[in-house]
Amino acid sequence: MIVRRTILKQDLVKKLYPDSISIKSAMQQLRNEIDICPTLKLKIEKAGNLKRHYYTKQQLLIILEHFCITLEEFELL
C-alpha cells in the first residue's frame, strides 16, 4: 500500500462524510470537529500549515487517529 505525501482536504471529507449533502458541508463538519477539540487542532497545526488545500501525511494520520480509523481502513473507504 502506497500512501501519498499529501491528500486533498476534499478527498478526505468525501471518505469521512460520505452521506454529506455537498463537499462544502462535509468540509464544515470537519472544521467543526477540529475546532471542538483544541488538542487535535494544536497537533494538526504543529504538523503543518492549515491554510492549504491539502493535509500532509502526518496531519492525515493525526486526524484518522482522532476518528479511530486505521490507515488500512481509510484506504478501503
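One-based numbering along the sequence shown.
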Donor-acceptor pair, distance only, cut-off 3.5 Å: does the side chain of Gln59 make one with the backbone of Ile44?
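Yes, the answer is positive, given that a donor and an acceptor are paired below the 3.5 Å cut-off.
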Give a yes or no answer on whether the side chain of Lys9 reaches the backbone of Arg52 with a donor-acceptor pair at less than 3.5 Å.
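A pair under 3.5 Å: yes.
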Identify, with sequence neighbours excluded, every residue that meets side-chain contact (heavy atoms from CB on, under 4.5 Å) alongside Glu33.
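side-chain contact (heavy atoms from CB on, under 4.5 Å) check on Glu33 returns Tyr17, His66, Phe67.
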List the residues meeting side-chain contact (heavy atoms from CB on, under 4.5 Å) with Leu8, not counting sequence neighbours, and say none if there are none.
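In terms of side-chain contact (heavy atoms from CB on, under 4.5 Å), with neighbours along the sequence ignored, Leu8 is linked to Asp11, Tyr54.
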Near Ile21 CD1, under 6.0 Å, is it more than 12 heavy atoms from other residues, nucleotides or ligands?
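Open: at most 12 neighbouring heavy atoms sit under 6.0 Å from CD1 of Ile21.
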Within the supplied structure, the quantity of interest is the number of heavy atoms (other residues, nucleotides, ligands) at a distance under 6.0 Å from Lys43 NZ; does it exceed 12?
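No, NZ of Lys43 has 12 or fewer neighbouring heavy atoms, counting only those of other groups under 6.0 Å.
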State, to 0.1 Å, how close [X] and [Y] come at their nearest heavy-atom pair, and which atoms those are.
X     : Y     : answer
Leu60 : Tyr55 : N-CB, 4.4 Å
Leu64 : Thr70 : CD1-O, 4.5 Å
Ile63 : Leu12 : CD1-CD2, 4.1 Å

Quick one: [atom1] on [X] to [atom2] on [Y], what's the gap to the nearest 0.5 Å?
X     : Y     : atom1 : atom2 : result
Leu30 : Ser25 : CG    : OG    : 11.5 Å
Ser22 : Gln28 : OG    : CD    : 10.5 Å
Ile69 : Phe74 : CD1   : CZ    : 8.0 Å
Lys24 : Met27 : NZ    : CE    : 11.5 Å
Lys51 : Glu45 : NZ    : CD    : 8.5 Å
Leu16 : Gln29 : CG    : CD    : 10.0 Å

Asp19: partners by side chain to side chain donor-acceptor pair (under 3.5 Å), with sequence neighbours left out:
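Expected list: none.
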When you compare the side chains of Thr56 and Thr6, does any donor N or O come within less than 3.5 Å of an acceptor on the partner?
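No, no side-chain donor-acceptor pair sits under 3.5 Å.
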